[in-house]
Amino acid sequence: MASEKLAQAAAVLQKQPAAIQLRYLQTLVEIGAEKNTTVVFPLPVDIFAGMSQLVQNAVVKQASQL
């Protein structure tokens with residue numbers, strides 16, 4: 001049952017990519033309503049792919065200079 005709900009959610013997110021950003025914002029609102037010290041910084045997964053590529057390029061460039 002849980003996997004079916006997850007598959008349905010994935011289908012919705014695939015059709016409406018902005019929905020995940022709205023969910024991030026809703027989560028921040030929910031966390032902010034609680035009296036705690038949790039700080040959440042939602043980052044797109046794409047940013048890690050870009051950073052990984054930059055690091056890999058730097059390593060290759062440095063290796064070629066040796």
Side-chain angles (χ1 to χ4, degrees):
M1 191 165 153
S3 63
E4 289 176 7
K5 292 289 185 185
L6 188 56
Q8 289 173 358
V12 169
L13 292 174
Q14 184 178 16
K15 292 177 187 173
Q16 299 292 328
I20 193 72
Q21 184 65 32
L22 292 174
R23 184 60 188 134
Y24 279 144
L25 294 173
Q26 181 61 37
T27 301
L28 290 176
V29 168
E30 291 172 7
I31 290 171
E34 298 174 9
K35 293 183 179 180
N36 60 33
T37 58
T38 302
V39 178
V40 177
F41 294 101
L43 296 173
V45 176
D46 300 348
I47 201 167
F48 294 112
M51 289 172 50
S52 174
Q53 185 64 38
L54 286 173
V55 169
Q56 187 176 25
N57 289 345
V59 168
V60 169
K61 183 178 178 181
Q62 187 177 26
S64 68
Q65 292 176 354
L66 294 179

Quiz item: Which pairs count as side chain to side chain donor-acceptor pair (under 3.5 Å) when at least one residue sits in residues 2-17, sequence neighbours excluded?
Solution: none
Self-check item: Atom pair OG1/CD of Thr27 and Glu30 - distance to nearest 0.5 Å
Solution: 5.5 Å
Quiz item: Taking atom CD of Gln26 as the centre, does the number of heavy atoms from other residues, nucleotides or ligands within less than 6.0 Å exceed 12?
Solution: yes
Quiz item: Hey, any chance Leu13 and Tyr24 share a hydrophobic cluster, counting ILVMFWY side chains that come within less than 4.5 Å of each other, even indirectly?
Solution: yes
